[in-house]
Amino acid sequence: MSNSALIQSSLAKKYWMAATGLFLCLFLVGHLAGNLQLLISGEEGLLQFNEYAKFMTSNPVVMILSYLTYISILFHAIDGFVLTVQNRKARPKNYAYSKPSENSLWTSRNMALLGTIILVFIILHMRQFWYVMHWGPIGVDSAGNKDLYTVTITAFTDGTFGLLYTIGYVVAMVAIALHLSHGFQSAFQSLGLRTDKLKKAIIIVGYIFAMLIPLLFAIIPVYIHLTH
Amino acid sequence: MKLKLKIWRQKNAAAEGKMVDYDISDVSSDMSFLEMLDVLNETLIKKGEEPVEFDHDCREGICGSCSLYINGEPHGPQKLTTACQLHMRSFKDGETIYIEPWRAKAFPVIKDLVVDRTAFDRIIQAGGYISVNTSGNTIDANATPVPKDDADSAFDAATCIGCGACVAACRNASAMLFVSAKVSQLALLPQGEVEANVRALNMVEQMDKEGFGNCTVTGACEAECPKGISLGNITRLNREYMKAKLNPVD
């Protein structure tokens, strides 16, 4: 009888890839809801965003969710790396001439590349905001909360670096959009849920999700860069 | 027609192979792709050179032997077609045609364009069957009522000829489309349902053992399959395997 290990078989690895991926899709929605508050300008926006940032780093339920998110990101990356290595090994000698564009989309063939770009972005992004929020240096607003609002605004407006970071952010959102355009529907397929009846709907919802969420994320730094 | 062929030549499994150029003329556009190779081989034999080895059997598109990677695609440019049913009218006069064997760790090259596909046989042996007593008192399969939709889906899956184009097309050399078709054709029918869990577990285990890659849902297999086996079968395999994992049989 086959092994009982949860991650040993090729299919089980894909189940985990799908489960962590879909969980991270939910995380994106939550994260976006928080970020959109940055569009509120002035002192009111500053106080509200910093109050929210405090809630996100102190509420026990949110803490559990954030640890689940860290684990999901790590697992998704490691599992993806293992799958990619196995997939490379499965074809030691390549074709002299191949036309993959005849039978598949570029995004579907480059999930590892897109994922790597996203991972690099996550690391830089966490260094920039998450690390500073937890361990500083960071100022305090008039309500006594850590002033993550000012840190964020500065990051996207501070001279040449602000411009570069805004461009980099938008590029990362493009990578996320492309990653999701394949990943969203693919997760349902791996979990055995993309049946013939639901296939069309899942693909359409996936494309809408993949375009809408990164677009809304990207609007925020561009708006900040142009208005501050 | 005159053509420039670039063909993979490899003396044996251990030898290093390489692409070799051949010029061929007097090709009729009505010839099948394999007949064109026959013409090439005749000229090679007349010149005292070793002919190009390639697999073929029925030459009517149902045996799945003709495993040729033609111009960057399994079975060549025409969809839903095996190499033997591909005709030279699909190519232009003077065109360069690349002909390569399937490339996968689980399908090692034996010679030239011939690969060893017994990995598929071992996957079938691991569970691609139903255990029926064949001692003379077998029940006629048609005596068991089957819903029409299930019968149709099972039949669609059963049209897989095991040619390996799915593996050849997949960038991960994954055998998921083949395995999913073989699991589906039985899991959908009452006769196969009894052993569905063990079958899914054992066939997937064997598939992994053979060194095939993982499915990343590129859809290349479905697009290149000469029999049009659908990705929906892979969805079903993912479901069948999960069901089997959640209901341990031993």
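By convention in this document, chain letters (A, B, ...) are assigned in the order of the sequence lines, proteins followed by strands, and residues within each chain are numbered from 1.
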Check: Under 4.5 Å, heavy atom to heavy atom, which residues of residues 106-130 of chain B contact chain A?
Finding: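 Residues qualifying by a heavy atom under 4.5 Å from chain A are absent, so none.
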Given heavy-atom pairs under 4.5 angstrom as the criterion, report whether the side chain, backbone, both or neither of [X] touches chain B.
X	value
Leu191(A)	both
Lys93(A)	both
Tyr15(A)	side chain

Hey, what do you get for [atom1] ([X]) to [atom2] ([Y]), rounding to the nearest 0.5 Å?
X	Y	atom1	atom2	value
Glu73(B)	Ser101(A)	CD	OG	8.5 Å
Asn238(B)	Arg194(A)	CG	CZ	10.0 Å
Asp79(A)	Asn214(B)	CG	CG	9.0 Å

Next item on the list: For chain B, find which of Arg109(A), Lys199(A), Lys14(A) contributes the most heavy-atom pairs closer than 4.5 angstrom.
Entry: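 Of Arg109(A), Lys199(A), Lys14(A), Arg109(A) has the most heavy-atom pairs under 4.5 Å with chain B.
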So which part of [X] gets closer than 4.5 Å to some heavy atom of chain A, the side chain, the backbone, both or neither?
X	result
Cys215(B)	backbone
Met242(B)	both
Phe212(B)	backbone
Lys79(B)	side chain
Arg171(B)	both
Pro77(B)	neither
Glu240(B)	neither
Asp208(B)	side chain

Checklist line | Atom of Val217(B), atom of Ser186(A) and distance for their closest heavy-atom approach | finding: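 So the minimum-distance heavy-atom pair works out to CG2-OG, 3.0 Å.
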Mind checking whether [X] and [Y] have side chains closer than 4.5 Å, heavy atoms only?
X	Y	result
Asn103(A)	Glu222(B)	no
Met207(B)	Leu11(A)	yes
Ser9(A)	Glu205(B)	no
Thr216(B)	Met111(A)	no
Leu193(A)	Thr235(B)	no

Next item on the list: Fit a plane to each ring of Tyr98(B) and Tyr97(A), take the angle between them on a 0 to 90° scale, and name the class: parallel (under 30°), tilted (30 to 60°) or perpendicular (over 60°).
Entry: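 Tilted.
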Check: Applying a criterion of heavy atom separation less than 4.5 Å, what residues of residues 82-92 of chain A form contacts with chain B?
Finding: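 Checking residues 82-92 of chain A against chain B gives Leu83(A), Gln86(A), Asn87(A), Arg88(A), Lys89(A), Ala90(A), Arg91(A), Pro92(A).
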Check: Okay, side chain of Tyr95(A), backbone of Arg103(B): is any donor-acceptor separation there less than 3.5 Å?
Finding: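 A pair under 3.5 Å: yes.
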